[in-house]
Protein chains: 2
Amino acid sequence: MKPTESELEILQVLWEKGPSTVRQVNEQLNQAKEVGYTTTLKLMQIMHEKAILSRTEEGRYHVYEALLSEEETQKHLIDRFVDTAFRGSAMKLVMQALGNSKATPQELDELKRLIDQLK
Amino acid sequence: MKPTESELEILQVLWEKGPSTVRQVNEQLNQAKEVGYTTTLKLMQIMHEKAILSRTEEGRYHVYEALLSEEETQKHLIDRFVDTAFRGSAMKLVMQALGNSKATPQELDELKRLIDQLK
DNA sequence: AAAGGTATACGAATCATTTCGTAGATGTCA
DNA sequence: TGACATCTACGAAATGATTCGTATACCTTT
């Protein structure tokens, strides 16, 4: 339930691309940095054991799929992050993140709408 | 420049309490969970080596102080977090964090003001 | 001065994560 | 069929973070 950083990278790929083989994931990862094939394989096997990924055997290949939803996972991660880095204050996180970001006026409007909904 | 989780816990204490001895920090940490004195000591020594903390020797004691500012550090952490967990989209992080949080109406107003400033 | 308490220094055990080499199975193609 | 490519399984090295035991020095109190 607490993916490590490398696991997260793999999840990203699967969330973006949908169910994939090790090779597909590995190739995607390699666009950012060099990672050996067996490294990715091993990681995905471990994630399968931990029930983070499901696996379907199609002939000789294994096709993996994320069992955690992106949203749920992000929710968890934010909780932990707020605790460890912001002493529990989500608002501080939000304001800092917003300050750093180069949000477009549209995005800012969208955010305002979200705020109004929350009130 | 990339504090680990334990290091962050120590930084939190120093940011909150200001310059402190190992014992003071350790006692603070122990309110949340049990940590041995020498564990905290070692960690703070390492942080000193890494130039995360400064150290002043006052008689027999060493007084440590954070060399990283809370804001700067949080900024870095957010950047990394946005990358690893939100594929680079700070807006997604902000909206998720806001959705999860139980912000008070006052806080939401404050946030709106911040947004207007950014526009 | 001796005993007890408390400091720092430091090496090393432990634990988690990441990386990769090698082996064995299976498919493909000349 | 035989050579070659590609797949999974698996053990274990490498790395990084955390934790702690022990040594040594110094103060304080009796």
Side-chain angles (χ1 to χ4, degrees), chain A residues 1-14 19-65 68 73 76-77 80-81 83-85, chain B residues 1-14 19-65 68 73 76-77 80-81 83-85:
Chain A
M1 219 39 61
K2 197 203 76 178
T4 67
E5 208 146 303
S6 307
E7 288 174 346
L8 211 44
E9 284 172 7
I10 288 173
L11 282 173
Q12 309 271 17
V13 174
L14 292 174
S20 311
T21 63
V22 173
R23 180 146 305 276
Q24 291 169 326
V25 170
N26 185 245
E27 256 154 32
Q28 191 65 28
L29 292 181
N30 268 281
Q31 308 215 337
K33 62 164 180 177
E34 183 159 331
V35 196
Y37 175 83
T38 53
T39 302
T40 304
L41 170 65
K42 177 72 165 188
L43 230 21
M44 290 175 75
Q45 285 172 342
I46 291 173
M47 292 169 79
H48 176 50
E49 268 173 35
K50 291 195 200 169
I52 291 177
L53 303 184
S54 74
R55 182 164 84 178
T56 317
E57 320 211 348
E58 304 199 348
R60 190 145 76 96
Y61 302 90
H62 290 177
V63 176
Y64 291 85
E65 183 172 4
L68 304 181
T73 306
H76 274 144
L77 292 173
R80 257 169 45 80
F81 186 59
D83 277 355
T84 60
Chain B
M1 218 45 58
K2 197 203 74 177
T4 68
E5 208 146 303
S6 307
E7 288 175 347
L8 210 42
E9 285 172 7
I10 288 172
L11 282 173
Q12 306 273 16
V13 174
L14 291 174
S20 311
T21 63
V22 174
R23 180 146 306 276
Q24 289 169 326
V25 171
N26 185 244
E27 255 154 32
Q28 191 65 28
L29 292 181
N30 268 282
Q31 309 214 337
K33 61 164 180 178
E34 182 158 332
V35 196
Y37 176 83
T38 53
T39 301
T40 303
L41 170 66
K42 177 72 165 189
L43 230 20
M44 289 176 74
Q45 283 171 343
I46 291 173
M47 292 169 79
H48 176 51
E49 267 173 35
K50 291 195 200 169
I52 292 177
L53 303 184
S54 74
R55 182 164 83 178
T56 317
E57 320 211 346
E58 304 198 349
R60 191 148 74 97
Y61 301 90
H62 291 177
V63 175
Y64 290 87
E65 182 170 5
L68 305 181
T73 305
H76 275 145
L77 290 174
R80 259 170 44 81
F81 186 60
D83 277 353
T84 60

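The chains referred to below are lettered A, B, ... by the order of the sequence lines, with proteins before strands, and numbering in each begins at 1. Note: hydrogens, waters and symmetry copies are ignored here, and every other heavy atom, side chains too, is used.
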Chemist: Using whole Å, what does the distance between atom P of nucleotide dT17(C) and atom CD of Glu5(B) come to?
Modeler: 11 Å

Chemist: Starting at CD1 of Ile46(A) and ending at C1' of dA9(D), how long is that distance when rounded to a whole Å?
Modeler: 12 Å

Chemist: For Thr4(A) and dT18(C), is the shortest distance between a side-chain N/O and OP1 or OP2 below 4.0 Å?
Modeler: yes

Chemist: Is it true that a side-chain atom of Glu27(B) and a backbone atom of Gln24(B) form a donor plus acceptor pair closer than 3.5 Å?
Modeler: no

Chemist: To the nearest angstrom, how far is Met44(A) atom CE from dA9(D) atom P?
Modeler: 12 Å

Chemist: Is there a side-chain contact between Arg55(A) and the phosphate of dA9(D), meaning an N or O under 4.0 Å from OP1 or OP2?
Modeler: yes

Chemist: Measure across Leu11(B) and Leu68(B) and return the closest heavy-atom pair with its distance rounded to 0.1 Å.
Modeler: CD1-CD1, 4.5 Å

Chemist: What is the distance from CD of Glu58(A) to P of dT26(C), rounded to the nearest Å?
Modeler: 18 Å

Chemist: Would you compute the distance between atom OH of Tyr64(B) and atom OG1 of Thr40(B) and round it to the nearest 0.5 angstrom?
Modeler: 11.0 Å

Chemist: Of the listed nucleotides (dC7(D), dT17(C), dA9(C)), which one gets closest to any side-chain atom of Arg60(A)?
Modeler: dC7(D)

Chemist: Specify the separation, in whole Å, of atom CG of Asn26(B) and atom P of dT18(D).
Modeler: 15 Å

Chemist: If you draw a 6.0 Å radius around NE2 in His48(A), do more than 12 non-hydrogen atoms from other residues or ligands fall strictly inside?
Modeler: yes

Chemist: Check nucleotides 1-3 of chain D against the protein and report each pair of N or O atoms closer than 3.5 Å, with its distance, or say if there are none.
Modeler:
none

Chemist: Taking only the side-chain heavy atoms of Leu43(B) (C-beta and beyond), determine which of dC7(D), dT8(D), dT19(D) contains the nearest atom.
Modeler: dT19(D)

Chemist: I need the CD-C1' distance between Glu49(A) and dT18(C), as an integer number of Å.
Modeler: 15 Å

Chemist: Between atom NE2 of His62(B) and atom CG of Leu53(B), what is the distance when rounded to the nearest 0.5 Å?
Modeler: 13.0 Å

Chemist: Looking at CG of Leu77(B) and CG of Leu8(B), how far apart are the two atoms once the value is rounded to the nearest 0.5 Å?
Modeler: 6.0 Å

Chemist: Restricting to non-hydrogen atoms, name the atom on Glu65(A) and the atom on Pro19(A) that form the minimum distance, rounded to 0.1 Å.
Modeler: CD-CG, 3.7 Å

Chemist: Rounding to an integer number of Å, can you tell me how far Met47(A) CE sits from dT8(D) P?
Modeler: 15 Å

Chemist: Within this structure, what is the OH-to-P distance between Tyr61(B) and dC27(D), rounded to whole angstrom?
Modeler: 10 Å

Chemist: Between residues 30-42 of chain B and DNA chain C, which residues have a heavy-atom gap below 4.0 Å?
Modeler: Tyr37(B), Thr38(B), Leu41(B), Lys42(B)

Chemist: Which of the following nucleotides, dT8(C), dC7(D), dT18(D), is nearest to the side chain of Val22(B)?
Modeler: dT8(C)

Chemist: Any side-chain to backbone donor/acceptor pair from Asn26(A) onto Leu41(A)? Under 3.5 Å, distance only.
Modeler: no

Chemist: Determine whether a donor-acceptor pair (N or O, by modelled atom type, separation under 3.5 Å) exists between the side chain of Glu7(B) and the backbone of Leu43(B).
Modeler: no

Chemist: dA9(C) phosphate, OP1 or OP2: any side-chain N/O from Gln45(B) under 4.0 angstrom?
Modeler: yes

